[in-house]
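To find a chain, count down the sequence lines: A is the first, B the second, and so on, and within it residues start at 1.
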Amino acid sequence: MDTARARRADLLDPATIAALGRIEIVARWIVDGFLSGLHRSPRKGFSVEFAEHRPYQSGDDLRYVDWKIAARADRWVVKQYEEETNLRATIVLDVSRSMAWRGDAARLTKLAYAERLVAAMALLLLRQRDAVGLVRFDDLVRTSLAPRVRSGQWQRIVAALDDPGAGHASHAAAALEQAWRLIPRRGLVVIVSDLLMDADEILSQVRALRHAGHQLVVLHVLDPAELDLPAAGDALFFDPESGAEVPAASADVRGAYRATVTAALQEWRQSLAAAGAAYETVVTDAPFGVPLRRVFATRQRMP
Amino acid sequence: MIEFLTPLWLVAAAAAAIPLFIHLLRRRTGTRVEFPAVRYLARAEREHSRNLKLRNLLLMLLRVAAIVCIATAAARPLIRVAGSGHAPTAMAIVLDNSLSSAAIAAGRPVLEELRAVAGAVASRAAVTDRLWLITADGTVHGGTPAAVAQAISHTEPLAGAGDVEGAAVRAASLVGGSGLAEREVAIMTDGQATTWSAPITLGQARVQVYRSRQAAPRNAAVVEAEALPSRWTPRGAVRARVLTPDSAAFRITIDGRTLARGTAVKDQEVLVRASPAERGWSTGTVEVEPDELRGDDVRYFAAWIGPAPAIRVSAALGRFATIAIEALVQADRATLGADVTFSPADEATTLPALLVAPSDPVHIGAANRALARLDIPWRFGDLRRGESSVQSTSRDDSTFKDVNVVLRYRLAGSAPVATDTLAVTAGEPWIVGGPGYVLVASPLAPDATSLPIRAAFVPWLAEMFSQRLGREAGTIVNATPGAMLARPAGVDALELSEGQRQAITGDSVAAPDKPGVYSFLTGGVRAGALVVNPEPAESDLRRLSPQALASRIRATSVRSGEDSTAVRAHVFDSAPRRPLVLPLLLLAVVALVAESTLTGRSRGGT
């Protein structure tokens, strides 16, 4: 079992798995690994139409084993279904300059991590026949792909991840407004951002989306060094986006910084919960399966 | 008070500026670090600024304290701990027992007051101290406090001034060589101005001076007594001077017999002429009425008294010489006899003799032969004519004033000695003298020299016959009590009192401590006199103020006063010293541990 877990890409170190191939390949490995780890089919509860058989894998729900074939041919196969869905999901990705940062060269930048996570989420949703769209933003809306379920949508999403970004600000309000326009019916909006922006700017849009009946999931991407101030001695810390500078002795201020970050995350959690959005922190040294599972769980709770 | 054994290490305390410097400059660092979550950092500093500032200040103080403690410990500090006795101290008590301390002030001797204060100082000494008593005569008593206290109680006044300043210097030397860190000199003195006339340096010692609180009494003293000349034949004179605020009655004695009485006024020299009947060495005194200081009320002098010299006068000398001798005889300054010859040189056959050049040049050859027979190293040379003045070789001798020479013989000495020349003219010896002879290079005639017709001629003859050509009586040496003297030539003993003799073997001899007249002996025969009197300055009892007294002493610290209680309180006031190295190192460790804890806490979390 441990060996099987070790081979699952969604549980590997993000930097390690990212180094193995291009983003679409890595995303497929992640999704495959993720799906293989589910004990129940993701399709449960949906209106489905039989599509094909596939060999039984450990963790598959026994209800979908084709017992006739098992009795006839003495091998276990699982029935797979073509499904129909009414879910439209839009992933809103923050590509501002603060996302292109990592506290350690051995880790992925927040943006690289988020892009692979977005690709994996999109693939996972598309495999469930959900329509998936993408909005990339920094100080502008850089990419806007309307949710589609047709083939080729995932490739378009992956290609869009290569579009320019790294602006000097994060204007999430415009991006969320664009997402609202892309999914006029109720749907799912997944925001992937480091949330280094003013809370009021995003909360008003979140409330509006919730008011329109959308489900919202906010994935707060954090580098571990942002949770625990990097050991830089006496230094002048500057924000690559705003250019703001703060002189500090990291050893002296680390304790206070940790307390502040903890409080800030708690504030995000409370304010987003009050606005009706699910909130998860995603640390860039955590395997992709962790945030993926949380998004999947949210998806599963939706009709 | 803190002292340091190796104070140079205190320079290392300057390193304490390093954390201070870092603390002040830490916000000016040039290292820039990209960090997107700066807003959280700014918020953390904003929300925790008070705690952060306090913490940083505390850290800086702990680091500074650690460095200062280590540097100070390296300097090996010692702290004085009050209230636990006193540190082992080398204490030298200088007790001024000079003659002036014998003065009666307020009904008791000043020395008694000084002894009481010195005893109180000694009583404060502990067994760990080193204690000495040094008196004005330089005597040192050391030992236990009890032994020194006993020596103090037995100290008597000296007959002279002693050397109080020398005793103080000796005291400083003793405490300086004691090996103890605490060194004190306590001086008990009457503060006599003549004693403390010049500044003295006592080096690395704390000096406590007690000056007698009693006012100096009025004092009348005999400060000068001298026989003039020292050889009376038998006429002589006594010169005296009395120190008195106004006037004082005096008495002059010879061998206990009153010679004269009178009243002396301030700064007046008294001169009393006498022709006593005594013969040989006599002891004289000049006395004033007893007063508060008895030691200087009597002053001694010595004189040799003998008969008038008997002179044999040659008729060849001429009438001026004859008349002069007749005048001396009439005045009892001389008699006619055969003790001393007064003649032209060519007639001389015996010594002593006053010889003059023969009036006829023909007799020069005979004169030189006579000089040769008498072993006189001078000879008459060429005849010199021409007027020239005469000068005495003695500085204050006015005998030859206005005396001219017209005719003379050049005197040539075979082994002349400079001191033999009594008078010169034209740069050449004119009157010379030696053992038993006086030789004049001109005839005593007005056509040769004006000397016979000058008023000074007769007194000069008397001086020559009585002092120069008289029988050798010996020398008189004046000294102060206890002074060291060079031994007079030929003297082998000193007669202290009747029948008590002290052999003199070295080149020097110590004068007796008691004033008086003592006899020098050569082969058991009296060969001179030693006159011992106190220093005249010791009779001047004027005192310095305690402040002026302190200004005369240079030492680590000088405290001067006339309060015996204060003196007793301030001696042995050095508290014992304890090393501070260990407490400082412990303090440094505590500071470093606290700093480490504080730093670790901030790194470990909130």
### Query
What residue pairs, at least two apart or across chains, pass ring-ring contact (aromatic ring centres under 6.0 Å, His included) with a residue in residues 56-77 of chain B?
none
### For B/R559, all residues meeting salt bridge (Lys or Arg N to Asp or Glu O under 4.0 Å), sequence neighbours excluded
none
#### Entry: Minimum heavy-atom distance B/Y40-A/T260, with the two atoms named
O-CG2, 3.5 Å
### Heavy-atom pair of closest approach, residues A/F238 and B/V38
C-CG2, 3.5 Å
### Message
I need the minimum non-hydrogen distance between B/R43 and A/E267, along with the two atoms involved.
### Response
NH2-OE2, 2.6 Å
### Task
Please name the pair of heavy atoms, one in B/R39 and one in A/D198, separated by the smallest distance, quoted to 0.1 Å.
NH1-OD1, 3.8 Å
### Query
Are side-chain heavy atoms of B/F35 and A/L229 found at a separation under 4.5 Å?
yes
#### Entry: Non-hydrogen atoms of A/V246 and B/A42 that approach each other most closely
CG2-CB, 3.7 Å
### Query
Under 6.0 Å from the CZ atom of B/R76, do we count more than 12 heavy atoms belonging to anything else shown?
no
